[in-house]
**Student:** 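Handing you a structure now.
Not measured: the values here are computed from a predicted model.
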Amino acid sequence: DTVQPTMTITSPTVTSGTTSNNQTITVFFQSSEATSNFIQNDIVTTNATVQNFTKLGDTLYSAVITPVTDGLITISVASGVFSDAAGNQNLQAIPFHWTRDTTAPSKPSITASFSTKETTPSFTVTAEISSTITVFDTSNDNNITAQFTISESNGSFTVTYKNTQSDGTYSLYVKATDAYGNTSNQSNTFTITIDTVQPTMTITSPTVTSGTTSNNQTITVFLQSSEATSNFIQNDIVTTNATVQNFTKLSDTLYSAVITSESDGLITISVASDVFTDAVGNQNLQAIPFHWTRDTTAPSKPSITASFS
């Protein structure tokens, strides 16, 4: 027997040539022939130490490999360190190599808090390329990733609710996990406010009460929006038998105007639906009309009894 024995190195923990975040791995050393003089010191490593060397049989051994630092770890057996029963010395083993990576990804960044009328809104996360994004509910730290679809383009992740969400404010944060199982710190907390309520406009006047009659030629009206709006204009006011002047924005929710009647009779003032929006784009509902009757007709000349003594 002149055949030199060989040693094959494998691991049930990782595959040679791969990367993982394992702190230790178990390796097996399989000799092609029985040997009685293979020992722990025959194992050659770089960036790792060997512990728990165990003989499992005349051809099989195991050991635990502990990396010293992140990076490449190699495990081998040099030639000429053990022999078979006939004294043939071994050939050098094919090295087993593995890279340990325990570095967590950087904390992901996330779009600023926002409000929207969309009921399945999306937000954007920037994180390590090819990482896995996990979404958490700030109120209880529950993992709610299953509620979203997530797509990536070169480290930019679009996260979208799968199902319709009710009006309200949702407070979230995210984490990123790389391909080797290392998880980042959590992102900053951010909120999504869903608002599908259509704004309304209430019309009042300090001059007359809606539904009454007076002889006023002009009246002042106030138009109070239920939500802030930036695109309500004079032409949004609809009147019959009257004109609108001196339209003034008093605040983001309050406007005034002077209504001048054209003739005696019924005057109506209203705001049609869908002419202005709130901050997130919900269009308004039609206003309840304000109506007032102008009567400037003098009574008939009164009659009086004849003069008498």
Side-chain angles (χ1 to χ4, degrees), residues 8-29 40 43-54 62-77 93-114 120-163 170-192:
T8 302
I9 306 169
T10 60
S11 173
T13 315
V14 295
T15 303
S16 183
T18 61
T19 300
S20 77
N21 68 347
N22 294 82
Q23 299 294 328
T24 63
I25 66 169
T26 297
V27 291
F28 291 112
F29 300 86
Q40 178 171 321
I43 302 169
V44 180
T45 62
T46 57
N47 190 29
T49 59
V50 181
Q51 293 91 28
N52 300 339
F53 178 78
T54 304
S62 69
V64 173
I65 305 299
T66 302
V68 176
T69 63
D70 276 8
L72 182 66
I73 293 99
T74 60
I75 308 158
S76 189
V77 175
I94 296 173
F96 183 102
H97 56 94
W98 150 63
T99 299
R100 188 185 78 167
D101 176 359
T102 60
T103 303
S106 299
K107 180 178 75 172
S109 62
I110 202 162
T111 48
S113 299
F114 63 94
T120 55
S122 299
F123 58 92
T124 301
V125 175
T126 302
E128 184 175 303
I129 294 173
S130 299
S131 59
T132 299
I133 299 301
T134 307
V135 185
F136 296 86
D137 182 340
T138 304
S139 66
N140 52 22
D141 292 322
N142 281 349
N143 181 341
I144 56 171
T145 308
Q147 296 181 20
F148 301 88
T149 58
I150 301 174
S151 61
E152 181 195 2
S153 175
N154 198 34
S156 178
F157 296 80
T158 300
V159 185
T160 306
Y161 276 101
K162 292 178 182 177
N163 300 314
Y170 300 82
S171 183
L172 310 169
Y173 66 86
V174 301
K175 292 182 180 180
T177 302
D178 66 19
Y180 313 120
N182 302 303
T183 299
S184 71
N185 292 328
Q186 71 178 58
S187 71
N188 294 333
T189 298
F190 82 113
T191 59
I192 301 173

**Student:** Give me the atom names and distance for the closest heavy-atom approach of Gln23 to Pro67.
**Tutor:**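 Looking at all heavy atoms of both residues, the shortest contact is O-CD, 2.8 Å.
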**Student:** Taking side chain as C-beta onward, heavy atoms only, is Phe114 less than 4.5 Å from Ile192?
**Tutor:**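 Touching, per the 4.5 Å side-chain cut-off.
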**Student:** Assess the side chains of Trp98 and Thr19: does a donor N or O sit below 3.5 Å from an acceptor N or O?
**Tutor:**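 Distance-only check fails for Trp98 and Thr19.
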**Student:** Any non-hydrogen side-chain atom of Val14 less than 4.5 Å from a side-chain atom of Asn22?
**Tutor:**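 With C-beta onward as the side chain, the pair touches.
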**Student:** Report yes if the side chains of Asp101 and Ser20 come closer than 4.5 Å at any heavy-atom pair, otherwise no.
**Tutor:**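 A side-chain contact under 4.5 Å is absent here.
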**Student:** Would you say Asn47 and Thr74 make side-chain contact, with heavy atoms under 4.5 Å?
**Tutor:**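 SC-SC contact between Asn47 and Thr74 ruled out.
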**Student:** For a quick test of reading the model, state the closest non-hydrogen atom pair linking Ser76 to Ile9 and the distance between them.
**Tutor:**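 Smallest interatomic distance, heavy atoms only, reads CA-CD1, 3.7 Å.
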**Student:** To check you understand the geometry: which heavy-atom pair defines the closest contact between Asn185 and Lys107, and what is its length?
**Tutor:**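 Heavy atoms only, the tightest pair is O-CG, 3.8 Å.
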**Student:** Any chance you could measure Thr132, atom OG1, to Lys175, atom NZ, to the nearest 0.5 Å?
**Tutor:**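 It comes to 14.0 Å.
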**Student:** Test side-chain contact (heavy atoms from CB on, under 4.5 Å) on Ile75 and Val27 and set out the steps.
**Tutor:** CA-CA 9 Å; Ile75 308 158; Val27 291; 3.9 Å; yes
**Student:** Side chains of Thr145 and Gln147: do they bring a donor and an acceptor to under 3.5 Å?
**Tutor:**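 Looking only at side-chain atoms, Gln147 and Thr145 do not form any donor-acceptor pair under 3.5 Å.
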**Student:** Quick check on Leu72: does its CG atom have over 12 non-hydrogen neighbours (other residues, nucleotides or ligands) under 6.0 Å away?
**Tutor:**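 Yes, CG of Leu72 has more than 12 neighbouring heavy atoms, counting only those of other groups under 6.0 Å.
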**Student:** Which heavy-atom pair separates Ser171 from Thr189 by the least distance, and what is that distance?
**Tutor:**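 Here Ser171 and Thr189 meet closest at OG-CG2, 3.2 Å.
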**Student:** Report yes if the side chains of Thr45 and Val50 come closer than 4.5 Å at any heavy-atom pair, otherwise no.
**Tutor:**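 Thr45 reaches Val50 side chain to side chain.
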**Student:** Say whether Thr177 and Thr183, considering side chains only, have a donor N or O and an acceptor N or O under 3.5 Å apart.
**Tutor:**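 Checked: Thr177/Thr183 side chains pair up, N/O donor to acceptor below 3.5 Å.
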**Student:** Without placing hydrogens or testing angles, list every side-chain donor-acceptor pair under 3.5 Å for residues 148-156, not counting sequence neighbours.
**Tutor:**
from   : atom 1 : to     : atom 2 : distance (Å)
Glu152 : OE1    : Ser130 : N      : 3.4
Glu152 : OE2    : Ser130 : N      : 2.8
Glu152 : OE2    : Gly155 : N      : 3.0

**Student:** Please report the interatomic distance CZ(Phe96) to OG1(Thr8), rounded to the nearest 0.5 Å.
**Tutor:**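 Separation between the atoms: 12.5 Å.
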**Student:** Measure the shortest side-chain to side-chain distance between Phe29 and Ile43 over non-hydrogen atoms and say whether it is less than 4.5 angstrom.
**Tutor:**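 They are in contact (side-chain heavy atoms under 4.5 Å apart), so the answer is yes.
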**Student:** Given Phe190, which partner from the list Phe123, Tyr173, Phe136 fulfils the ring pair (Phe, Tyr, Trp, His ring centres under 6.0 Å) test?
**Tutor:**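 The single option meeting the ring pair (Phe, Tyr, Trp, His ring centres under 6.0 Å) with Phe190 is Phe123.
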**Student:** Any side-chain heavy atom of Ser106 within less than 4.5 Å of one from Ser184?
**Tutor:**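 The answer is no; the side chains never approach within 4.5 Å.
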**Student:** Which pair of non-hydrogen atoms, one from Asp70 and one from Thr103, has the smallest distance, and what is that distance?
**Tutor:**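 It is OD2-OG1, 3.4 Å.
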**Student:** State the CZ-CD1 distance between Phe157 and Ile110, to the nearest 0.5 angstrom.
**Tutor:**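 If I round to the nearest 0.5 Å, the distance is 12.0 Å.
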**Student:** Give, for atom CG of Leu172 and atom OG of Ser113, the distance between the pair rounded to the nearest 0.5 Å.
**Tutor:**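 Spacing of CG (Leu172) from OG (Ser113) equals 9.0 Å.
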**Student:** Looking at side-chain heavy atoms only, is the closest gap between Thr134 and Val174 below 4.5 Å?
**Tutor:**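 With C-beta onward as the side chain, the pair stays apart.
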**Student:** List the atom of Ile73, the atom of Thr69, and the distance in Å for their closest heavy-atom pair.
**Tutor:**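 Closest approach of Ile73 to Thr69: CD1-O, 4.4 Å.
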**Student:** Can a donor-acceptor pair be found between the side chains of Thr102 and Asn21 at a distance below 3.5 Å?
**Tutor:**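 Side chains of Thr102 and Asn21: no pair found under 3.5 Å.
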**Student:** For Asp141, is there any backbone N or O sitting under 3.5 Å from a side-chain donor or acceptor partner on Asp137?
**Tutor:**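 Not a single qualifying donor-acceptor pair exists.
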**Student:** Identify the residue among Ile65, Thr18, Ile25 that makes a side chain to side chain contact (heavy atoms under 4.5 Å, CB included) with Ser11.
**Tutor:**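 Exactly one pass, corresponding to Ile25.
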